[in-house]
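Index from 1, following the sequence. Counting starts at 1 for both ligands and their atoms, following the listed order.
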Amino acid sequence: MVKFLMHGCNGKMGRMITEIVKGEESAAIAAGVDAYTEVPNEYPVFDAIEKCDVDVDVVIDFSTAKAVDGLLDYCVAKKLPLVLCTTGLSEEQLKKVEEASKEVAILKSANMSLGINLLLKLLKDAAKVLAPAGYDIEIVERHHNQKLDAPSGTALALADSINDELDNEYHYVYDRSQVRQKREKKEIGISAVRGGTIVGNHEVIFAGTDEVIEFTHTAYSRSVFAKGAVEAGKFLAGKAAGMYDMGDVVGL
Ligand SMILES: NC(=O)C1=CN([C@@H]2O[C@H](COP(=O)(O)OP(=O)(O)OC[C@H]3O[C@@H](n4cnc5c(N)ncnc54)[C@H](OP(=O)(O)O)[C@@H]3O)[C@@H](O)[C@H]2O)C=CC1
Ligand SMILES: O=C(O)C1=N[C@H](C(=O)O)C[C@H](O)C1
């Protein structure tokens, strides 16, 4: 039985994971951490990770970027593997994640769904053919009105996957209202829409002369992220220090 510490247990994702883990025979949530502790939970909940003294095997995190520094310190101190799903991390925090991964296993992924992780691969093939043929690349993401970060971590991961394939020669343009010139060839435009309860929608557009190819992924429920996170948690238990990704879990 793999015992999870659910970091951000009372948020939208934390609650979804709590429900999904109930149907698991090989995993359970042993403790939670959340800034919001005014609701009853089936497991002990702490209002700060430093206070958590429950024995666990893996930490699953869906919280907020400002909580990630303390989380990394805790995982390193307790030698705990970490499934890091929070998005919107700063450059400094990303470096801290790399440093921490020298001490513990860290699986960092902006999107735990199978569909997006497959798309990360498919886009490499598309970019290899379409970018040299002069197609412009644009990404549009849509999310609910409670989301803190923009653009989404997934949009950035999709752009990075394409850019890696193109020798990292492309730069990202987030706000065209400030760009008083025509689009450059080697740019990836990234636009964010926020509204209502949209769970998550990502479109990658390759626009050529008289031809457009679009890849679209839509999450209709947070369960696609939650199921991926639970699988990742089970996968990471007992793993050696290092950086892992969802490709390692789903075999991509
Ligand atoms: N990788 C993936 O597949 C996915 C990633 N995400 C990312 O996960 C994160 C959380 O998303 P979501 O669940 O929708 O957000 P929510 O805001 O619904 O949940 C976050 C929870 O974390 C709590 N929190 C705040 N500070 C701390 C702290 N110091 N320690 C522990 N918990 C804290 C919040 O409490 P309070 O509200 O009181 O501040 C809240 O309950 C976001 O960054 C989002 O982008 C989301 C979906 C999928
Ligand atoms: O905040 C969300 O809700 C989501 N965040 C992730 C991101 O920033 O990419 C993943 C998913 O799209 C939902």
Which ligand 2 atoms are under 4.0 Å away from a heavy-atom of A110?
6 (C), 7 (C), 9 (O), 10 (C)

Tell me whether R222 has any N or O atom under 3.5 angstrom from an N or O of ligand 2.
no

State plainly whether the residues K96 and E99 are in salt-bridge range, i.e. N to O under 4.0 Å.
no

Below 3.5 Å, N or O to N or O, backbone or side chain included: is there any such pair between A67 and ligand 1?
no

Salt-bridged, E138 to R176, with N to O below 4.0 Å?
yes

Take every heavy atom of A110, measure it against each atom of ligand 1, and state whether any distance is under 4.0 Å.
yes

I need the atoms of ligand 2 closer than 4.0 Å to a non-hydrogen atom of T154, numbered in the order shown.
7 (C), 9 (O), 10 (C), 12 (O)

Going by the closest heavy atom to atom 2 (C) of ligand 2, which one wins out of H144, R142, H202, H217?
H144

Closer than 4.0 Å to some heavy atom of S152 - which atoms of ligand 2 meet that?
7 (C), 8 (O), 9 (O)

Contact (N/O only, under 3.5 Å) between T64 and ligand 1:
no

Has ligand 1 got any nitrogen or oxygen that is less than 3.5 angstrom from a nitrogen or oxygen of K147?
yes

Those atoms of ligand 1 less than 4.0 Å from some heavy atom in S109:
1 (N)

Using a 4.0 Å heavy-atom cut-off, which part of E141 comes near ligand 2: side chain, backbone, both, or neither?
neither

Report yes if T87 has an N/O atom closer than 3.5 Å to an N/O atom of ligand 1; otherwise report no.
yes

Give yes or no for whether the N/O distance cutoff of 3.5 Å, strictly under, is met between F225 and ligand 1.
no

Side-chain H-bond candidate by donor/acceptor type, S152 with H143, under 3.5 Å:
no

With the 4.5 Å side-chain cut-off for hydrophobic clustering, are V59 and I29 part of the same group?
no

Starting from atom 22 (O) of ligand 1, locate the nearest protein heavy atom and write down its residue, its atom name and how far away it is, to 0.1 Å.
S63 CA, 3.5 Å

Heavy-atom distance from atom 37 (O) of ligand 1 to the protein below 4.0 Å?
no

Heavy atoms only, cut-off 4.0 Å: how does T87 contact ligand 2, side chain, backbone, both, or neither?
side chain

